[in-house]
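Below is one structure, written out as C-alpha cells; comments come after it.
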Protein chains: 2
Amino acid sequence: MRTVNSEKAMSDVEQKCADRGIKLTRRRKEVLRTLVLAESAMSAYEIAERCNVGSDDPMPAMSVYRILDFLRDQQFVHRLETANKYISCSHLSCGHDHAQSQFLICNECRKVEEIDFSSEAFSVMEKAASAAGFSSISPQLEVRGLCDSCETS
Amino acid sequence: MRTVNSEKAMSDVEQKCADRGIKLTRRRKEVLRTLVLAESAMSAYEIAERCNVGSDDPMPAMSVYRILDFLRDQQFVHRLETANKYISCSHLSCGHDHAQSQFLICNECRKVEEIDFSSEAFSVMEKAASAAGFSSISPQLEVRGLCDSCETS
DNA sequence: CTATGTAAGATATAATGTATCTTTTACGAT
DNA sequence: ATCGTAAAAGATACATTATATCTTACATAG
C-alpha cells in the first residue's frame, strides 16, 4: 500500500515545499523516502542505517535527527513518543493540514496506523480533561493495542 | 494532597503485599515512598538521587530500575511512556484493581493527573480502532496538554 | 567575486536503558 | 546454630537515543 503511492507522495511533498518556499534537499529526500517506504515506524539510527545500504555517501545519524526535526516541523513525519520512533504522515498527498494525529500501535508486530478519531471522541476526552483541571489537550494520541492479525494468531 | 495520605498509602501497600505474599523490602519502600511524596513524575535517576539525599547507603540507579519493574508489576506505580518518567498510582489505598490508567500531562509545568475516562469515551475509541483493524486497545492513555494555571499564565 | 545564510558534517557528551555477572541477604531445612 | 538455596542488591559494561557545539560546504544575493 505504502509503496504504491510512494512516488506520488514524494512529488506531492516536493510541491508543498515549493509552495512554502523551503528546500527539500537531497538528504531530506533520502530520509523522507526511507520513511515513506518503510513498513513500520523506524528509529533515527535505523533510518540512517537503511539510507546507507548501497550508498557510498554515508548518512550520519546526527543529520537524521536534524532532518527529522525539519520534516516534523513541516508535518511530513510524526514522532511516536511511546516508541522513540518516527513515521511518515499518512496524509502526505492531502491538501489540508494535519495538526491532529492519532496512532494505533500494535504491541506485537509494531504496526502503526494513523487514524482520525471522531470529534465526538475528542470532545468526550476534552470534557474529562477539563474536569481534571486541564483546559486544553493535544490532539496527538498514541494508543497501544493488538492488531487483528496479531490478536487471532 | 499527596503528602497528607502518604503514610496511609504506604501502609496500605504493605498490607497488599502481605496479602499477595510478596515482600516490600527496605529498598522498595524507599523508591515507592519517594514517588508517593513526589509532586510530579520522576525519572529513574531522579528517584535514585532523591533517595540518596541524606542517606549513607546509596541507592544505585540500576536498582531503581529493577524496583520500578517490580512496583509496576504490582500496579503500585505507572510508567509514563511519553515522558520516560514514573509516577505512583493514585489509587494505592483503593481495594480494586487499576489495569486502566489515563494521564493528563501538562506540557508546561509537567504536572500529571491520573484520571478515569468514561467508558463512553473508551468505547468510542474502541470503535475507531476496530474500524482501523485493531481488535483491542490498551486502556493506558497519555494525553498532553496545558493545565489551567499554565494556560492562564 | 565576496559576503551571507542554510545545510551538512564532525565531535563530544548527556540521558536513558539493557545485559550480565558477582555478592549479599533472607530464610527454611537439617 | 549452620548450611544451602533462592531472591535481592550491587557492580560493571555497554547499547541506545538524543542534544550541543563548532566547523565546513555550498548556493545565492549583493
Side-chain angles (χ1 to χ4, degrees), chain A residues 13-14 17-18 20-35 38 40-52 55-74 76-87 105 107 110 142, chain B residues 13-14 17-18 20-35 38 40-52 55-74 76-87 105 107 110 142:
Chain A
V13 167
E14 221 150 347
C17 285
R20 298 176 195 175
I22 57 175
K23 291 171 202 157
L24 193 64
T25 64
R26 182 181 116 258
R27 288 308 207 184
R28 289 170 177 175
K29 268 189 216 172
E30 274 183 83
V31 169
L32 181 58
R33 185 187 306 277
T34 300
L35 273 180
S40 58
M42 299 175 75
S43 76
Y45 279 76
E46 286 168 348
I47 294 170
E49 262 177 51
R50 188 162 310 177
C51 285
N52 289 334
S55 160
D56 48 301
D57 188 1
M59 169 80 73
M62 298 305 106
S63 298
V64 174
Y65 277 108
R66 265 189 309 245
I67 291 168
L68 286 172
D69 284 345
F70 168 86
L71 295 173
R72 287 167 65 198
D73 282 347
Q74 300 302 324
F76 296 145
V77 314
H78 302 290
R79 175 186 151 89
L80 299 180
E81 303 286 345
T82 60
N84 289 339
K85 288 190 189 305
Y86 303 83
I87 190 166
I105 306 173
N107 278 326
R110 307 292 159 190
E142 298 172 28
Chain B
V13 167
E14 221 150 349
C17 284
R20 298 177 195 175
I22 56 175
K23 292 170 203 161
L24 193 65
T25 64
R26 181 180 118 258
R27 290 306 208 186
R28 289 169 177 175
K29 268 189 216 173
E30 272 183 83
V31 170
L32 181 58
R33 185 186 307 276
T34 300
L35 274 180
S40 59
M42 300 176 75
S43 76
Y45 280 76
E46 286 168 349
I47 294 170
E49 261 178 51
R50 187 162 310 178
C51 284
N52 290 334
S55 160
D56 48 302
D57 188 2
M59 167 81 72
M62 298 306 106
S63 298
V64 174
Y65 276 108
R66 267 189 304 248
I67 290 169
L68 286 171
D69 284 344
F70 168 86
L71 295 173
R72 287 168 66 201
D73 282 347
Q74 300 301 324
F76 296 144
V77 314
H78 302 291
R79 176 186 152 89
L80 299 179
E81 302 287 345
T82 60
N84 289 339
K85 288 189 190 305
Y86 303 83
I87 190 168
I105 306 172
N107 278 327
R110 306 293 159 191
E142 298 172 30

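Below, chain A is the first sequence line, B the second, and so on; all start at residue 1.
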Look at the side chain of A/Arg27 against the base of C/dG9 and say whether a donor-acceptor pair falls under 3.5 Å; ignore hydrogens and angles. no
Closest-nucleotide 5' rank along DNA chain C - winner of A/Arg66 and A/Lys23: A/Lys23
Can you see if the side chain of [X] gets near the phosphate of [N] - specifically, an N or O under 4.0 Å from OP1 or OP2?
| X | N | value |
| --- | --- | --- |
| A/Ser63 | C/dA7 | no |
| B/Ser43 | C/dA15 | no |
| A/Tyr86 | D/dT17 | no |
| A/Tyr65 | D/dA18 | yes |

Roughly how many Å is it from [atom1] in [X] to [atom2] in [N], rounded to a whole number?
| X | N | atom1 | atom2 | result |
| --- | --- | --- | --- | --- |
| B/Glu81 | C/dG17 | CD | P | 9 Å |
| A/Met62 | D/dT21 | CE | C1' | 13 Å |
| B/Glu46 | C/dA15 | CD | P | 10 Å |
| A/Ile67 | C/dG9 | CD1 | P | 7 Å |

Earlier contact from the 5' end, DNA chain D, for A/Asn84 and B/Pro60: B/Pro60
Classify the nucleic acid contact of A/Phe70 as base, sugar-phosphate or nothing, counting any heavy atom under 4.0 Å across all strands shown. nothing
Determine the contact category for B/Arg26: base if any of its heavy atoms lies under 4.0 Å from a base atom, sugar-phosphate if only primed atoms, P, OP1 or OP2 are that close, otherwise nothing. nothing
Here's a test for you: under side chain to side chain donor-acceptor pair (under 3.5 Å), which of B/His78, B/Glu46, B/Arg79 qualifies with B/Tyr86? B/Arg79
Any Lys/Arg nitrogen of [X] or [Y] sitting under 4.0 Å from an Asp/Glu carboxylate oxygen of the other?
| X | Y | result |
| --- | --- | --- |
| A/Asp69 | A/Arg72 | yes |
| B/Arg28 | B/Glu30 | no |
| B/Arg27 | B/Asp57 | yes |

